[in-house]
A.B. asks: 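Structure below; questions to follow.
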Amino acid sequence: MAGVAILYACQKKKKDVGKACDFSDSPPSVIVDIQPDHKLQNQHRLSLASEYEGNNIPALSECGTNTERKSIISHGQLHLEGCWPKDVGIHDIGHRLRYRKKSEKDDTYIPSLKALVTTAKSVLRQNNSIDIYQQYYESYDKGKSASKVMNMNEEDALQVVTVLGDPLTGNMKTGRIPTTRMQRTVAALSWQPEGVSGRRLCVAYSNMRYPYVSSSSLQSGESLSSYIWDLNCSSSPEVTLQPTSQLSSVEFNPRDLHLVGGGCHNGTLCFFDCRRGGSPVSCTPLFGDNAATSPCGGAIRGMTWLQPSGRGQELLAIDGSSYCKVWDTRQLREPVDSIKLSNPNQKNDEEAISVAYNPNFSSHKFIAGTMRGFVHCCSRKNRSEEKTSLYEGHHGPVYNVDCNPLIPKIFLSVGDWATRIYSEDHPYPLLTTRYAKTHMVDAFWHPLHPGVFITTLLSGKIEVYNMGHKMRDPLMSTQISNDCLHCSKIHPDGEKIGVGSNSGQVHIVKM
């Protein structure tokens with residue numbers, strides 16, 4: 001067995017190999033002993049105290065710059081027009097009507113309309129699920145609550161904020177000296193169509209006792225002036241209009257906001273530009289001294305601007321005769337069109353005294369009220385049949401007619417003691433208000449609420465009707481003035497009403 005190595009491997013941890021350390025207490029021992037050096041001790045000096053300020057807040061830098069300013073205005077929106085294709089002119093009413101008729105003939109029109117009605121029903125049901133008549137304060141006295149609501153409707157809902165007087169009439173309170181001998185009546189009113197920013201009001205003053213006073217037969221101390229007021233500065237008129245005769249009607253142009261059309265008692269039409277002062281820039285000719293020989297006939301009873309193609313250059317005027325005449329401001333020698341009002345049931349000719357026009361419905365149709373209590377719906381398009389429809393119901397003259405701004409086929413007329421609401425498809429009134437104690441002299445629709453209309457009474461009251469609340473009775477009635485009222489006009493935003501009286505005062509009523 002020589003040459004064979006026998007090995008034995010033994011594995012242990014390091015801690016098990018060698019002698020273990022044994023720690024025990026022992027007395028101290030001196031390793032190094034250094035003695036002090038007196039030479040170095042003499043060089044030692046005591047230093048003075050020093051201060052140090054520190055800050056652990058991080059340092060920040062600030063830099064300023066001028067940015068571009070943007071004007072932001074919050075306002076509401078009245079959505080009257082939908083989305084039209086690019087090839088459809090939104091200002092051309094005829095083009096829009098043709099496209100609408102073409103869309104109604106489409107096979108997908110009725111299914112799409114049904115889908116929209118389903119969505120609208122869902123929203124209406126959600127609104128109707130809220131009980132608006134719930135009594136939240138049971139412990140409150142019902143008598144006091146009802147009186148408080150009534151006072152709010154009568155006093156807070158309609159408030160007279162400004163009274164504009166005739167500058168030529170004396171005022172004992174202000175010490176104004178009168179410059180005219182006769183009291184003038186507010187014959188007509190017209191607001192400048194600037195939406196919510198419209199603040200100008202044109203007031204036509206006229207002597208209703210002697211209306212046919214012209215510059216040639218002007219009496220001593222009389223004046224033909226009418227005025228344009230700025231409500232922001234109501235102490236004096238902004239523009240003084242000097243027509244050829246007393247104005248019986250005025251109307252701002254809806255396209256050119258500075259152009260005012262005025263109808264005179266001698267039968268002429270005057271056009272004023274506010275930027276050029278109060279003198280008329282153009283007038284229709286007057287032949288002879290008698291008003292009956294003028295191209296317009298008698299006094300201009302009513303007028304309205306037409307918008308057949310978006311230009312706003314044509315004006316429809318009525319003069320108390322059986323003809324409604326259309327004038328073009330670019331050609332004032334003679335009317336460009338004339339429509340006769342005929343009634344087969346009457347032997348004598350009709351006398352038009354009021355007119356209304358709604359461009360949202362049709363560019364060639366208008367409504368005219370007559371002296372005999374009839375209302376005519378006329379058309380300029382069909383020349384073979386000028387009178388389209390005839391409506392009756394009033395016992396006397398129709399003082400005013402007005403088209404509903406949101407429901408085109410609905411219109412109203414006011415005369416005698418009541419206001420009547422008609423539809424173009426029915427010859428008889430759909431609704432007649434209860435007869436008032438005094439005559440109703442004016443009525444008009446609210447421009448934003450299709451079921452609300454306002455009436456003006458001769459006794460000095462204004463009545464507001466809401467067909468969604470009461471059909472024949474007024475929702476509220478407020479005494480505006482002790483004088484007899486003659487005319488009224490609502491602002492395009494529906495928040496202000498101008499009311500003219502026989503004493504020459506214009507009351508600005510805030511709704």
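Start at 1 with the first residue, then count along the sequence. No hydrogens, no waters, no symmetry mates; every other heavy atom, side chains included, goes into these values.
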A.B. asks: Check the surroundings of atom OH in Tyr323: do more than 12 heavy atoms from other residues, nucleotides or ligands lie under 6.0 Å from it?
C.D. replies: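 It does not: Tyr323 OH has 12 such atoms or fewer within range.
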A.B. asks: Look at the rings of Tyr391 and Phe411 and say which category their plane angle falls in: under 30° parallel, 30 to 60° tilted, over 60° perpendicular.
C.D. replies: perpendicular
A.B. asks: To check you understand the geometry: which heavy-atom pair defines the closest contact between Leu247 and Ser206, and what is its length?
C.D. replies: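 Answer, listing the atom of Leu247 first, then Ser206: O-CB, 3.6 Å.
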A.B. asks: Thinking salt bridges, do Lys461 and Glu463 make one under a 4.0 Å N-O criterion?
C.D. replies: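 No salt bridge links Lys461 with Glu463.
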A.B. asks: Which of parallel (below 30°), tilted (30 to 60°) and perpendicular (above 60°) describes Trp417 and His395?
C.D. replies: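 Taking His395 first and then Trp417, their aromatic rings sit tilted (interplane angle of 30° to 60°).
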A.B. asks: Under 3.5 Å, is there a donor-acceptor pair between the His364 and Ser379 side chains?
C.D. replies: yes
A.B. asks: Given the rule in the side chain to side chain donor-acceptor pair (under 3.5 Å) test, do Asn502 and His486 qualify, once you have shown the distances and angles that lead to the verdict?
C.D. replies: CA-CA 6 Å; Asn502 290 344; His486 185 264; 5.0 Å; no
A.B. asks: Might you point out which heavy atoms bring Ala204 and Ser226 nearest each other, and give the distance in Å?
C.D. replies: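 So the minimum-distance heavy-atom pair works out to CA-OG, 3.5 Å.
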A.B. asks: How far apart are the C-alpha atoms of Ser503 and Asp483, what are their side-chain angles, what is the distance that settles it, and do they pass the side chain to side chain donor-acceptor pair (under 3.5 Å) test?
C.D. replies: CA-CA 7 Å; Ser503 62; Asp483 299 330; 2.8 Å; yes
A.B. asks: How about Phe271: does its CZ atom have over 12 heavy atoms from other parts shown lying under 6.0 Å from it?
C.D. replies: yes
A.B. asks: Nearest heavy-atom pair of Pro254 and Pro193: which atoms, and what distance?
C.D. replies: CA-CG, 3.8 Å
A.B. asks: So, are Lys325 and Asp337 salt-bridged, with charged N and O less than 4.0 Å apart?
C.D. replies: no
A.B. asks: Can you see which heavy atom on Asn400 is nearest to which on Ala443, and at what distance?
C.D. replies: ND2-O, 2.8 Å
A.B. asks: Does Trp445 use its side chain to pair, donor to acceptor, with the backbone of Asp402 at less than 3.5 Å?
C.D. replies: yes
A.B. asks: Are the side chain of Gln246 and the backbone of Cys264 linked by a donor-acceptor contact shorter than 3.5 Å?
C.D. replies: no
A.B. asks: For the atom pair OG1 (Thr433) and CE (Met471), what is the distance rounded to the nearest 0.5 Å?
C.D. replies: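 One gets 11.5 Å once the value is rounded to the nearest 0.5 Å.
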A.B. asks: Decide whether Glu350 and Ser322 meet the rule of one side-chain donor and one side-chain acceptor closer than 3.5 Å.
C.D. replies: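 There is no such pair (donor and acceptor under 3.5 Å, judged by atom type) between the side chains of Glu350 and Ser322.
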A.B. asks: Are Arg200 and Glu238 close enough for a salt bridge, meaning some N to O gap below 4.0 Å?
C.D. replies: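 Looking at Arg200 and Glu238, the cut-off is met.
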A.B. asks: Would you say CZ of Arg276 has more than 12 non-hydrogen atoms from neighbouring residues, nucleotides or ligands within 6.0 angstrom?
C.D. replies: no
A.B. asks: Would you call the rings of Tyr227 and Tyr205 parallel, tilted or perpendicular, where under 30° means parallel and over 60° means perpendicular?
C.D. replies: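 Aromatic pair Tyr227/Tyr205 classed perpendicular.
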A.B. asks: Determine whether Cys403 and Ile367 satisfy the following criterion, side-chain contact (heavy atoms from CB on, under 4.5 Å), listing intermediate values before the conclusion.
C.D. replies: CA-CA 8 Å; Cys403 300; Ile367 309 296; 3.8 Å; yes
A.B. asks: Can you spot which of Leu241, Val203, Thr240 makes a side-chain contact (heavy atoms from CB on, under 4.5 Å) with Ile228?
C.D. replies: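 Among Leu241, Val203, Thr240, the one meeting side-chain contact (heavy atoms from CB on, under 4.5 Å) with Ile228 is Leu241.
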A.B. asks: Quick check against the 3.5 Å criterion: does Arg199 have a side-chain atom that pairs as donor or acceptor with the backbone of Asn232?
C.D. replies: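 No; judged by distance alone, with no hydrogens or angles, the pair does not exist.
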A.B. asks: Whether the side chain of Trp84 engages the backbone of Arg96 through a donor-acceptor N/O pair (distance < 3.5 Å, no angle test) should be reported.
C.D. replies: no
A.B. asks: How many angstroms lie between atom OH of Tyr435 and atom CZ of Arg472, to the nearest 0.5 angstrom?
C.D. replies: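 Here the interatomic distance stands at 9.0 Å.
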A.B. asks: side-chain contact (heavy atoms from CB on, under 4.5 Å) for Leu158 and Met476? Distances and angles first, verdict last.
C.D. replies: CA-CA 9 Å; Leu158 296 175; Met476 63 185 70; 4.1 Å; yes
A.B. asks: Answer yes if the side chains of Ser225 and Gln242 hold a donor-acceptor pair under 3.5 Å, and no otherwise.
C.D. replies: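 Yes, Gln242 and Ser225 have a side-chain donor paired with an acceptor closer than 3.5 Å.
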A.B. asks: Determine whether a donor-acceptor pair (N or O, by modelled atom type, separation under 3.5 Å) exists between the side chain of Ser248 and the backbone of Ile300.
C.D. replies: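 Confirmed, Ser248 side chain pairs with Ile300 backbone.
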A.B. asks: Heavy atoms only: give me the nearest Lys496-Asp493 pair and the separation to one decimal.
C.D. replies: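 Looks like NZ-OD2, 3.6 Å.
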A.B. asks: Which heavy atom of Ser354 sits nearest to which heavy atom of Ile318, and what is that distance?
C.D. replies: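 Taking every non-hydrogen atom into account, N-CD1, 3.0 Å.
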A.B. asks: Under the 3.5 angstrom rule, does the side chain of Gln479 hit a backbone N or O of Ser481 as a donor-acceptor pair?
C.D. replies: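 Checked: pair present.
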A.B. asks: Just wondering, do Cys487 and Val186 contact through their side chains at under 4.5 Å, heavy atoms?
C.D. replies: yes
A.B. asks: When you measure from the side chain of Asp442 to the backbone of Ser488, do you find a donor-acceptor pair of N or O atoms at a distance under 3.5 Å?
C.D. replies: yes
A.B. asks: Could you give the distance from CG (Leu458) to SG (Cys484), rounded to the nearest 0.5 Å?
C.D. replies: 4.5 Å
A.B. asks: Can the ring centres of Phe272 and Phe252 be said to be less than 6.0 Å apart?
C.D. replies: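 Distance test on ring centres: not under 6.0 Å, no.
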A.B. asks: With salt bridge (Lys or Arg N to Asp or Glu O under 4.0 Å) as the test, would you mind laying out the steps for Glu392 and Arg372 before giving the verdict?
C.D. replies: CA-CA 9 Å; Glu392 59 182 5; Arg372 300 179 184 272; over 6 Å; no
A.B. asks: Please check this pair: side chain of Thr478 against backbone of Ile480, looking for a donor-acceptor N/O pair closer than 3.5 Å.
C.D. replies: no
A.B. asks: Using only heavy-atom distances, determine whether the side chains of His376 and Thr370 contain a donor-acceptor pair under 3.5 Å.
C.D. replies: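 Note: His376 and Thr370 side chains miss the donor-acceptor criterion.
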A.B. asks: Kindly say whether Asn404 contributes a backbone atom to a donor-acceptor pair with the side chain of Asn358 at under 3.5 angstrom?
C.D. replies: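 A pair under 3.5 Å: yes.
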A.B. asks: Can any side-chain N or O of Glu251 pair as donor or acceptor with the backbone N or O of Leu189 at less than 3.5 Å?
C.D. replies: no
A.B. asks: Do Leu315 and Leu306 come within less than 4.5 Å of each other through their side chains, counting heavy atoms only?
C.D. replies: no
A.B. asks: What's the verdict on side-chain contact (heavy atoms from CB on, under 4.5 Å) for Ile508 and Val499, showing C-alpha distance, side-chain angles and the deciding distance?
C.D. replies: CA-CA 6 Å; Ile508 307 299; Val499 183; over 6 Å; no
A.B. asks: Check the pair Gln505 / Leu164 against side-chain contact (heavy atoms from CB on, under 4.5 Å), numbers first and verdict last.
C.D. replies: CA-CA 6 Å; Gln505 292 183 342; Leu164 306 176; over 6 Å; no
